[in-house]
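I have placed the structure first, in the form of structure tokens, so that the comments after it can refer back to it.
Note that this is a predicted model, so its numbers are computed, not measured. Here is how names work: the chains are called A, B, and so on, in the same order as the sequence lines, proteins then strands, and each is numbered from 1.
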Amino acid sequence: MRIAIEDDFDLAKIAESGQCFRWTRCADGSWLIPYRRSRLRIARVGCNEGDACDGDAGEQAGGVFEVDCAGVEFSEVWRGYFDLDEDYRAVRSRIDPADDPFLFEAAEAQRGIRILRQDLWEVIVSFIISQNRNIPAIKRSVELLCEAAGERVADHGPDGGFYAFPSPEAVCALDGESLARCRLGYREGYVRAAAESVASGAVDLEALRSASDDEAFETLLGMRGIGIKVASCIALFGLHRVNAFPIDTWIKKVLAREYPDGFPFERYEPYNGICQQYLFAHYRTTMSD
DNA sequence: AGGCAGGTTCTTA
DNA sequence: TAAGAACCTGCC
């Protein structure tokens, strides 16, 4: 079926923003997006009525998309996953080009990014794995972990299906050798500890979801292998605390270069995390180009 | 061939 | 409280 999306929505930009590690792009340009026990195929097939259909500028601003699921599934699962009930244009409109030209430029260039509402457990593990590694290595390990312990789900996609992200219990059940094959390196112990904490109930994901920002942060920091940066990423991408502002090596450089007097967090409350995504993506693309 | 990677932990002053 | 080394592994 086809759906029209009016707000910012650019699949390639979201995929490159570094918040998710399992999206794949097919040869025909469509995207395959796994979430829990579902997988969506989605492709942009046109512009919204009345919009200028001119390349990248058009793609950032949503459009018409072909999805391989029913309307009910889209509205019950994927609408939430893509955070389509949040108005990103409104968030961007708070950025004043006179006050903050750098962020304004970043947000214009990176328009189309959204903060996905991913599975919390998957986000926890993925970002524990992410530390001190580059993106290809992170993706590789996440995929190996899914193959090692995830449930096989059949669908109409290529290969006839995919591996769901494994539950904490499934990770616990993995023997040492199988987990070692996921090439997690020294993070292996962290992942196992996290799985045991959640499986045993020592860490309650539902409680985490309803906790205050401070409480959630404290719980996350108590887990082995989770420091301030990873906890911020989990808060932003796993708990949808869109004011969380992860500071990694890239953001550190942007802040040092563009905000020597400090980033004006109070100006963008409670959407600092969205601003962080614009800054991060923009800085990375401009540096690698 | 090696440095370095979207950090965290552990050790030392 | 604050630096600095060590950590697995595999990209580039």
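- A distance of 9.5 Å separates CZ in A/Phe21 from CD in A/Glu122, rounded to the nearest 0.5 Å.
- A donor-acceptor contact under 3.5 Å is formed by the side chain of A/Tyr186 with the base of B/dG7.
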Pull out every protein N or O sitting under 3.5 Å from an N or O of nucleotides 4-6 of chain C, one pair per line with the distance.
none

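- A/Ser126 comes within 4.0 angstrom of nothing in the nucleic acid, heavy atoms only.
- In this structure, CD in A/Gln118 is found 11.5 Å from CG in A/Leu239, a value given to the nearest 0.5 Å.
- Applying the 4.0 Å criterion to OP1 and OP2 of C/dG10, one finds that A/Arg140 has a side-chain N or O inside that range.
- B/dG6 is unpaired under the criterion used here, namely a Watson-Crick or G-U wobble arrangement in which both key atom distances are under 3.5 Å.
- Toward the 5′ end of DNA chain B lies the nearest nucleotide of A/Ser17, the other residue of the pair A/Gly225 and A/Ser17 mapping further downstream.
- Under the 30°/60° scheme for interplanar angles, the aromatic rings of A/Tyr81 and A/Trp78 are found to stand perpendicular.
- Residue contacts shown for A/Tyr190 are limited to sugar-phosphate atoms, with no base heavy atom under 4.0 Å away.
- Backbone-only engagement by A/Arg224 is indicated by non-hydrogen atom pairs under 4.0 Å involving sugar-phosphate atoms exclusively.
- Side-chain atoms of A/Phe217 and A/Ser212, non-hydrogen and from C-beta on, never get closer than 4.5 Å to each other.
- In this structure the side chain of A/Pro34 never reaches within 4.5 angstrom of the side chain of A/Phe165, judged on heavy atoms.
- Projected onto DNA chain C by closest heavy-atom contact, A/Asn132 and A/Pro136 fall at different nucleotides, the more 5' of which corresponds to A/Asn132.
- A donor and an acceptor atom never sit less than 3.5 Å apart when one is taken from the side chain of A/Arg133 and the other from the base of C/dC8.
- Under the 30°/60° scheme for interplanar angles, the aromatic rings of A/Phe237 and A/Phe127 are found to lie parallel.
- Residue A/Ile226 is classed as a sugar-phosphate contact, given heavy-atom separations below 4.0 Å to backbone atoms only.
- Note on A/Ile135: a base of the nucleic acid sits closer than 4.0 angstrom, heavy atoms only.
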